[in-house]
Each structure stands twice: as C-alpha cells, then as structure tokens.
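These figures come from a predicted structure and were not determined experimentally.
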Amino acid sequence: MVAILQSSIPYDPSQTRALPGIQPTDMAEWLHQDDAFAAQMVHRAALLKNQRDDVLALCPEAEPAAQELMQLVLRQTYPEATDCALRPDGVRVPIDFANPLDTLCNLVQEDFCILQKHGDEHVLTGAVLCFPASWLLREKFMRPLVGIHVPVDSYDDNIARRVQRLFDGIQPGRPLWRFNALWYDDPELHQPRSASDRREIRDSGRAPFLRSERQTLLRLPETRAVVFSIHTYVLAANQVPEMENPA
C-alpha cells in the first residue's frame with residue numbers, strides 16, 4: 001500500500017449532484033496540479049514500469065487521438081518543451097512521439113481515457129489509467145459507454161441516453177467537469193477491481209479516507225475523439241471538514 005494524500009481539495013465534495021452531474025469549465029482549469037504532484041508522479045512511473053499491461057491500452061485507430069492529446073497537454077502545461085519537459089519536481093521527461101500515452105503518464109497527475117464514436121455510441125479505444133477506483137481497464141477497453149458503466153446501479157437506460165447525447169455535444173476548447181466522493185479504508189491510489197467483485201460501499205462515519213475524482217470531458221478538435229480525464233484526490237477524513245468523519 002502506498003499512501004499519498006493531499007492536504008486539501010479545490011471544491012466541496014459534499015455538494016454532489018445527480019448523474020451525470022456535469023458543469024462547464026474552461027481550458028485554464030482543464031488540468032490541475034496539487035501538493036501531491038511529486039509523490040503521485042513517482043507512483044505513476046512505477047506502475048507504468050512494473051504493471052504496464054494493467055495501466056495502459058491503445059488500439060491502432062486511437063493512435064492519432066493519443067498523439068493529439070499529448071500535444072494539447074504539452075501546450076497547456078509545458079509550452080516551452082521541445083524534446084523534453086521539465087516538471088515542477090525537477091524531473092525531465094523525454095517527449096516520446098512514438099509512445100504518447102507513456103509520455104502523458106509522466107507529464108501530469110491526470111489519467112486519460114480516449115473515447116471514439118463507433119456507430120451510435122462512444123467506445124473506450126485508449127487509456128492510461130494508473131489510479132482506477134475499483135475497476136479494471138482490461139474489462140472496459142473497447143467497450144461502449146453502457147458497458148463501461150456496468151455495474152453502476154444508478155446508470156440506467158435514461159442516464160445512458162443522456163450521457164451519449166452529452167458526449168455528442170462536447171465541443172473543442174469547452175471542457176465539462178464533474179466529481180465524485182467515495183469513502184475508502186485504503187488510501188492506495190491504484191485500486192483495480194473486477195466488475196464481478198464489487199466493493200463494499202462505505203459511509204463517512206466508518207471510513208478513514210475520502211477519495212474524490214475530478215473528471216473532465218473535452219473533445220479533440222482534429223480527431224474529434226472525446227477525452228475523459230481523471231484527477232484523483234485522497235484525503236484523510238479529518239482533512240475534509242465539510243464531510244467530517246466521526247470514526
């Protein structure tokens with residue numbers, strides 16, 4: 001178990017909304033960086049090196065989208081970078097154009113999922129997912145939105161239609177965002193879990209850690225793929241005053 005905790009969270013995780021819970025933001029707020037940056041980046045690099053098949057997947061048709069995403073992230077976070085990027089923690093990251101998801105994994109704290117339209121639905125065609133919250137990339141890879149969200153009980157046919165319409169309407173340069181709030185006994189960021197092995201849902205009165213994902217949706221202008229990014233916060237319960245844990 002690796003415990004990497006933030007000291008704060010930049011939104012109120014108690015203000016949950018009904019699914020899909022989406023609200024607009026802007027490109028300046030698309031990606032976040034926080035006080036756990038250096039530790040999370042070390043953990044990401046170790047997972048990519050030691051568990052690559054668990055955290056990275058890319059089908060050939062998604063390679064142009066992955067390249068476009070890498071270029072966009074570089075422009076947003078490391079605009080001066082050419083052959084390598086200098087991170088805030090002093091680490092130099094070579095820009096590997098042949099392996100864009102590897103580069104992305106080492107540039108920012110966010111995980112990224114690439115979704116492309118196949119027929120009437122968006123399908124997960126690529127991802128770098130170091131910090132899954134109780135799901136397995138290999139079970140969701142190349143599956144449509146409905147398949148990705150099984151077995152989320154609240155993700156019914158009505159929500160599925162609304163989410164697909166939402167995906168169809170996403171525009172370049174106009175990201176959308178939402179968040180969740182999950183209580184965990186274990187602060188480990190890498191928590192893969194099969195859909196057939198569902199996690200016990202804990203409440204704020206019994207679990208010592210709050211895990212919250214800031215999730216964004218953005219359309220890439222050239223390939224038209226939709227990028228789902230995930231920035232994971234883990235806080236000790238006593239660091240979350242709005243949802244203080246009495247346990």
Before you tell me yes or no, could you show the steps for L72 and L220 under side-chain contact (heavy atoms from CB on, under 4.5 Å), namely the whole-Å CA-CA distance, both residues' side-chain angles and the distance that decides it to 0.1 Å?
CA-CA 9 Å; L72 179 59; L220 300 176; 3.9 Å; yes
Might you point out which heavy atoms bring P175 and M27 nearest each other, and give the distance in Å?
CD-SD, 3.7 Å
Using the side-chain hydrogen bond (donor to acceptor under 3.5 Å, both in side chains) rule, take H118 and E61 through it: C-alpha gap first, then chi angles, then the decisive distance, then the call.
CA-CA 11 Å; H118 285 193; E61 72 169 289; 3.1 Å; yes
Taking all non-hydrogen atoms of both residues into account, name the closest pair between R92 and C84 and its distance.
NH1-SG, 3.9 Å
Could R52 and D102 be called an ion pair, given the rule that one side-chain N must be under 4.0 Å from one carboxylate O?
yes
Do any N or O atoms from the side chain of Y233 and from the backbone of L210 form a donor-acceptor pair under 3.5 angstrom?
no
Could you state whether V123 and L69 fall into the same hydrophobic cluster, counting links through intermediate Ile, Leu, Val, Met, Phe, Trp or Tyr residues with side-chain heavy atoms under 4.5 angstrom apart?
no
Interatomic spacing from CG in D53 to CD in Q51 - rounded to 0.5 Å:
10.0 Å
Taking all atoms of both residues into account, what is the closest heavy-atom pair of A39 and I4, and its distance?
O-CD1, 3.4 Å
Tell me whether Q6 contacts the main-chain N or O of V234 through its side chain, where contact means a donor paired with an acceptor under 3.5 Å.
yes
Do other residues, nucleotides or ligands put more than 12 heavy atoms under 6.0 Å from R224 CZ?
yes
Would you give the length of the straight line joining atom OG1 of T232 to atom CG of L182, rounded to the nearest 0.5 angstrom?
9.5 Å
With sequence neighbours left out, the residues meeting side-chain hydrogen bond (donor to acceptor under 3.5 Å, both in side chains) with Q67 are none
After noting the C-alpha distance and the side-chain angles of D186 and F209, does the key distance pass the side-chain contact (heavy atoms from CB on, under 4.5 Å) rule?
CA-CA 7 Å; D186 183 347; F209 299 100; over 6 Å; no
Note: L74 and A81 closest approach over all heavy atoms is CD2-CB, 4.3 Å
Counting only heavy atoms from other residues, nucleotides and ligands, does the tally under 6.0 Å from CD of E80 exceed 12?
no
Would you find more than 12 non-hydrogen atoms of other residues, nucleotides or ligands less than 6.0 Å from D83 atom CG?
no
Relative to W177, does R214 satisfy both conditions: NZ or CZ under 6.0 angstrom from the six-membered ring centre, and within 45 degrees of the ring's axis?
yes
Distance-only polar pair, side chains of S134 and Q191, donor-acceptor under 3.5 Å
no
Flag if over 12 foreign heavy atoms under 6.0 Å of CG, D120
no
D168/K117 salt bridge by N-O under 4.0 Å criterion:
yes
Assess whether side-chain contact (heavy atoms from CB on, under 4.5 Å) is satisfied between W30 and D26, documenting all intermediate values.
CA-CA 6 Å; W30 176 41; D26 56 45; over 6 Å; no
Nearest-0.5 Å distance, CG of residue D54 to CG of residue L47
9.0 Å
For Y11 and F179: C-alpha separation, side-chain torsions, deciding distance, then whether ring pair (Phe, Tyr, Trp, His ring centres under 6.0 Å) applies.
CA-CA 9 Å; Y11 49 84; F179 66 87; 4.7 Å; yes
Return yes if a side-chain donor-acceptor contact under 3.5 Å exists between Q171 and R219, otherwise no.
no
How long is the gap from OG1 on T103 to CE on M70, to the nearest 0.5 Å?
5.5 Å
Hey, what do you get for NE2 (H32) to CD1 (I9), rounding to the nearest 0.5 Å?
10.5 Å
So, is the end of the R44 side chain (NZ or CZ) under 6.0 Å from the ring centre of F131 and within 45° of the ring's axis?
yes
Side-chain contact test, heavy atoms from C-beta onward, threshold under 4.5 Å: evaluate it for P132 versus R193 and give yes or no.
no
With E110, which of Q215, H231, Q40 fulfils side-chain contact (heavy atoms from CB on, under 4.5 Å)?
H231
For A3 and P187, work out which heavy atoms get closest and say how close.
CB-CG, 3.8 Å
Could you tell me if H43 and Q109 have a donor-acceptor pair between their side chains, going purely by distance under 3.5 Å?
no
CZ on F228 to CG on L124, rounded to 0.5 Å
10.0 Å
Just checking, is any N or O donor in the side chain of S8 or Q239 under 3.5 Å from an acceptor N or O on the other one?
no
Classify the side-chain pair Q164/H122 by whether it contains a donor and acceptor separated by less than 3.5 Å.
yes
Side chains of D35 and S7: donor-acceptor distance under 3.5 Å anywhere?
yes
Please check this pair: side chain of N180 against backbone of E213, looking for a donor-acceptor N/O pair closer than 3.5 Å.
yes
Test L176 against T216 for side-chain contact (heavy atoms from CB on, under 4.5 Å), laying out the working first.
CA-CA 5 Å; L176 304 172; T216 69; over 6 Å; no
I'd like to know if the side chain of R211 reaches the main chain of E188, judged simply by a donor and an acceptor atom lying under 3.5 Å from each other, with no hydrogens or angles considered.
yes
